[in-house]
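Reckoned from all heavy atoms, side chains included, excluding hydrogens, waters and symmetry mates.
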Amino acid sequence: MSTYQGFTAEERAAMKEHAQEVKKEARRKSAADKAAEAERDVLAKIAGMPESDRVLAELLHSVVAASAPHLAPKLWYGMPAYARDGKVVCFFQSASKFKSRYATLGFSDEAALDDGAMWPTYFALTEASPEVGERIALLVKQAAC
């Protein structure tokens, strides 16, 4: 007997945010306007996070900007993401939004992380430190090539 109750409230909220993001993106004018507004949206989303998530999202944002500047910031399901040619390569999921034990750095199938028959695509983030930043930079550089 299945106890499936459908999507959680957090998942439904994320899907609604994604629909709004797509509509907002379609209304923007030039590519430069779209890029500038997308970055402002990401920075505003990060600024509105609880401190524990915000510190990690800020670290990710700065590391991506430095190590893979060709990835464009954008919101994806209400969370910061970084895309190549409009396709998300990596993204952040806050612990607070999804009522999770830890924040997550995730990579889509667009990321070049392939390593044999099995490799990780999600990483738990529990602290923002120089070592964590270096590890993120290595992953993002590999994923974004």
K.L.:
Using a 4.5 Å cut-off on heavy atoms from C-beta on, say whether the side chain of Glu17 contacts that of Lys45.
P.N.:
yes
K.L.:
Give a yes or no on whether Phe92 and Val132 share a hydrophobic cluster (residues Ile, Leu, Val, Met, Phe, Trp, Tyr; joining criterion: side-chain heavy atoms under 4.5 Å apart).
P.N.:
yes
K.L.:
Do the side chain of Arg54 and the main chain of Ile46 share a donor and acceptor less than 3.5 angstrom apart?
P.N.:
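Here the side-chain-to-backbone pair does not exist.
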K.L.:
Return the CD to CG distance between Glu127 and Leu59, rounded to the nearest 0.5 Å.
P.N.:
10.0 Å
K.L.:
Is Tyr102 atom OH crowded by more than 12 heavy atoms from other residues, nucleotides or ligands, each under 6.0 Å away?
P.N.:
no
K.L.:
Could you check Glu10 against Lys97 for side-chain contact (heavy atoms from CB on, under 4.5 Å), going step by step and ending with a plain yes or no?
P.N.:
CA-CA 7 Å; Glu10 294 80 13; Lys97 179 171 182 164; 5.5 Å; no
K.L.:
So Arg135 and Glu131, do their side chains get closer than 4.5 Å, heavy atoms only?
P.N.:
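Glu131 does not reach Arg135 side chain to side chain.
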K.L.:
First locate atom OG of Ser67, then atom CD of Glu134, and finally report the distance between them rounded to the nearest 0.5 Å.
P.N.:
11.5 Å
K.L.:
Is it true that, when you exclude Asp114 itself, more than 12 heavy atoms of the residues, nucleotides or ligands shown sit nearer than 6.0 Å to its CG?
P.N.:
yes
K.L.:
Verify, without hydrogens or angle tests, whether Glu11 (side chain) and Thr8 (backbone) share a donor-acceptor contact under 3.5 angstrom.
P.N.:
yes
K.L.:
Would you check if Leu105 and Leu60 make a side-chain contact, meaning some heavy-atom pair closer than 4.5 Å?
P.N.:
yes
K.L.:
Looking at Phe91 and Ser108, what are the two nearest heavy atoms and their distance?
P.N.:
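Shortest heavy-atom separation between Phe91 and Ser108 comes out as CE2-N, 4.1 Å.
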K.L.:
What are the two closest non-hydrogen atoms of Leu56 and Ala128, and how far apart are they?
P.N.:
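For Leu56 versus Ala128, the nearest heavy atoms are CD2-N, 3.6 Å.
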K.L.:
First locate atom OG of Ser52, then atom CG of Leu125, and finally report the distance between them rounded to the nearest 0.5 Å.
P.N.:
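Answer rounded to 0.5 Å: 11.5 Å.
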K.L.:
Do you reckon Leu139 sits in the same ILVMFWY cluster as Trp119, going by side-chain contacts under 4.5 Å, direct or chained?
P.N.:
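Linked, Leu139 and Trp119 end up in one cluster.
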K.L.:
Provide the closest heavy-atom pair for Cys90 versus Val140 in the form atom of the first, atom of the second, distance.
P.N.:
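Taking every non-hydrogen atom into account, SG-CG2, 4.4 Å.
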K.L.:
Between Phe123 and Pro120, which heavy-atom pair has the shortest distance, and what is it?
P.N.:
CZ-CG, 3.7 Å
K.L.:
Side chains of residues 73-89: which donor-acceptor pairs under 3.5 Å do they make with residues two or more places apart or in other chains?
P.N.:
unit_1: Tyr82; atom_1: OH; unit_2: His61; atom_2: ND1; d: 2.8
unit_1: Arg84; atom_1: NH1; unit_2: Ala144; atom_2: O; d: 3.0
unit_1: Arg84; atom_1: NH1; unit_2: Cys145; atom_2: O; d: 3.4
unit_1: Arg84; atom_1: NH2; unit_2: Glu110; atom_2: O; d: 2.8

K.L.:
Looking at every heavy atom in both Ala103 and Asp53, which two are closest together, and how far apart are they?
P.N.:
CB-OD1, 3.9 Å
K.L.:
If I compare all heavy atoms of Ala111 with all of Phe107, which pair ends up nearest, and what's the gap?
P.N.:
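Looking at all heavy atoms of both residues, the shortest contact is CB-CB, 3.8 Å.
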